[in-house]
Student: 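Handing you a structure now.
Predicted model only: the values in this text are computed from it and were never measured. Each chain gets a letter, A, B and so on, in the order the sequences are listed, and its residues count up from 1.
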There are 2 protein chains.
Amino acid sequence: MNNTAQLDRSFDALAHPARRTIVARLARGPATVGEASRGLSLSKPAVTKHLKVLEQTGLIRRTVVGREHRLELRPAPLAEIESWIERHRTLWEAKFDAVERHLADKRKE
Amino acid sequence: MNNTAQLDRSFDALAHPARRTIVARLARGPATVGEASRGLSLSKPAVTKHLKVLEQTGLIRRTVVGREHRLELRPAPLAEIESWIERHRTLWEAKFDAVERHLADKRKE
DNA sequence: CGTATTGTTCACCTTAAGGTGAACAATACC
DNA sequence: GGTATTGTTCACCTTAAGGTGAACAATACG
């Protein structure tokens, strides 16, 4: 459940703006390579590499149909990241609230 | 609201297991550099560099008290990441559900 | 068949990330 | 004052990430 290596890859995959753009587009629905990378001013090899990262991370899936590659988002890694963050953020908030309460108690004295 | 550069830095900061470990510890409450990095088998310069990344990303804050540096988590970047992911994941789920409903409708025909 | 389209692979380059040991700085302690 | 502790800075090394143009592969289209 605490798969460090997978989280490494997921965070890393989303650290690049081009890859986040692609993910954001695929969140709107499947697309081909050309569609998913339109407007990113990147060479084709660069796009290919970014897609490979996303694919190996498990963030996207590819189906070759004719000469096009149809890409679709796989949200499981997103959910994993969200869960990791949510866990630690709320833990921190709990601690913080405890301190707040403690200070409030002291003010009452 | 859509601060790409900040998201770049935040995702990147959390992509390294050592930095995630430090963040996880600080979620339990403040700690010194030594405490926060205990058990990570890393040289001191390496720890210093990781802390610098976390600090510049805004994920931690440092208060020098005597010869110790007291570190505390700043959860805002975590919240930003969580929000980005949540937005796109739910968008995808909405699309997915729409397809599911469409298929269900077709099965009824 | 010839050619346009979609995308990958190849060979390469440059930069930055992550790591180290050694030296330094500042505070604490006896 | 001398020394231990806490942490950073310095100088360096190695590897991987990200980028490119050129060539290739496979399908589509006239």
Side-chain angles (χ1 to χ4, degrees), chain A residues 4-26 29-73 77 81, chain B residues 4-26 29-73 77 81:
Chain A
T4 304
Q6 175 60 44
L7 278 173
D8 286 357
R9 271 178 278 130
S10 300
F11 274 112
D12 203 70
L14 295 174
H16 196 289
R19 291 194 292 254
R20 271 206 314 287
T21 298
I22 292 172
V23 166
R25 288 184 185 166
L26 294 180
T32 66
V33 173
E35 291 161 1
S37 65
R38 192 191 323 286
L40 302 174
S41 49
L42 276 180
S43 65
K44 292 187 291 179
V47 171
T48 296
K49 287 185 187 179
H50 285 307
L51 291 178
K52 200 172 291 183
V53 170
L54 291 171
E55 202 176 4
Q56 284 169 348
T57 307
L59 273 160
I60 69 176
R61 240 181 125 236
R62 179 194 309 251
T63 319
V64 180
V65 40
R67 66 184 163 184
E68 298 186 327
H69 295 204
R70 180 145 250 96
L71 311 170
E72 59 176 330
L73 190 61
I81 287 189
Chain B
T4 304
Q6 175 60 44
L7 278 173
D8 286 356
R9 272 179 278 128
S10 300
F11 274 112
D12 203 71
L14 294 174
H16 196 289
R19 291 193 292 256
R20 271 205 316 285
T21 297
I22 292 172
V23 166
R25 288 184 184 166
L26 294 179
T32 65
V33 173
E35 291 161 1
S37 65
R38 193 189 325 284
L40 302 173
S41 48
L42 276 180
S43 66
K44 292 187 291 179
V47 170
T48 296
K49 286 186 188 178
H50 286 307
L51 291 178
K52 200 172 291 182
V53 170
L54 291 171
E55 202 176 3
Q56 285 169 347
T57 307
L59 273 161
I60 69 176
R61 244 184 119 232
R62 179 193 309 250
T63 320
V64 179
V65 42
R67 65 184 162 182
E68 299 185 327
H69 295 204
R70 180 145 249 94
L71 310 171
E72 59 175 330
L73 190 62
I81 287 189

Student: Nearest whole angstrom, please: distance from the P of dT27(D) to the CZ of Arg67(A).
Tutor: 11 Å
Student: Look at the side-chain N and O atoms of His16(A) and state whether any lies under 4.0 Å from the OP1 or OP2 oxygen of dA16(D).
Tutor: no
Student: If I compare all heavy atoms of Pro17(B) with all of Thr4(A), which pair ends up nearest, and what's the gap?
Tutor: CB-CG2, 3.8 Å
Student: What is the minimum heavy-atom distance between Arg20(B) and Asp8(A), and which atoms define it?
Tutor: NH2-OD1, 2.7 Å
Student: Identify, with sequence neighbours excluded, every residue that meets salt bridge (charged side-chain N to carboxylate O under 4.0 Å, His left out) alongside Arg61(B).
Tutor: Glu72(B)
Student: As a test of reading the structure: which of dA4(D), dG19(C), dG7(C) is closest to the side chain of Leu42(B), going by heavy atoms?
Tutor: dG19(C)
Student: If I take atom CZ in residue Arg20(A) and atom C1' in nucleotide dG18(D), what distance separates them, rounded to the nearest angstrom?
Tutor: 16 Å
Student: Over the length of the helix from dC1(C)-dG30(D) to dC30(C)-dG1(D), how much do the five-pair end axes diverge, rounded to 10 degrees?
Tutor: 20°
Student: Leu59(A) and Ala13(A): which non-hydrogen atoms are nearest, and at how many Å?
Tutor: CD1-CB, 3.8 Å
Student: Does a side-chain N or O of Arg62(B) approach OP1 or OP2 of dG7(D) to a distance below 4.0 Å, or not?
Tutor: no
Student: So what does Arg70(B) touch, heavy atoms closer than 4.0 Å: a base, only the sugar-phosphate, or nothing?
Tutor: nothing
Student: Give the rounded distance in Å between these two atoms: CD of Glu68(A) and C1' of dA26(D).
Tutor: 13 Å
Student: Mind listing the residues from residues 43-56 of chain A sitting with a heavy atom below 4.0 Å of DNA chain C? Number order is fine.
Tutor: Lys44(A), Pro45(A), Thr48(A), Lys52(A)
Student: Whole angstrom is fine here: how far is it from CZ in Phe11(B) over to P in dA17(C)?
Tutor: 18 Å
Student: Please state whether the phosphate of dT6(D), meaning OP1 or OP2, lies under 4.0 angstrom from any side-chain nitrogen or oxygen of Arg38(B).
Tutor: no
Student: Check the distance between dA16(D)'s P and Arg9(A)'s CZ and give it to me in whole angstrom.
Tutor: 15 Å
Student: Map Val65(A) and Arg19(A) onto DNA chain D by nearest heavy atom, then report which one ends up closer to the 5' terminus.
Tutor: Arg19(A)
Student: What is the distance, rounded to the nearest whole Å, between atom CG of Leu14(A) and atom P of dG18(D)?
Tutor: 12 Å
Student: In whole angstroms, how far is the P atom of dT5(D) from the CD atom of Glu35(B)?
Tutor: 16 Å
Student: Determine the minimum heavy-atom distance between Leu40(B) and Ala18(B), stating which atoms define it.
Tutor: CD1-O, 4.2 Å
Student: Once side chain to side chain donor-acceptor pair (under 3.5 Å) is applied, do any residues pair with Gln6(B), and if so which ones, sequence neighbours excluded?
Tutor: Arg9(B), Ser10(B)
Student: For residues Phe11(B) and Ile81(A), report the shortest heavy-atom separation together with the two atoms involved.
Tutor: CE2-CD1, 4.4 Å
Student: With sequence neighbours left out, what residues match Arg25(B) under salt bridge (charged side-chain N to carboxylate O under 4.0 Å, His left out)?
Tutor: none
Student: OP1 or OP2 of dT6(D) less than 4.0 angstrom from a side-chain nitrogen or oxygen of His69(B), does that happen here?
Tutor: no
Student: With sequence neighbours excluded, give me every side chain to side chain donor-acceptor pair (under 3.5 Å) pair touching residues 31-51 of chain B.
Tutor: Arg19(B)-His50(B)
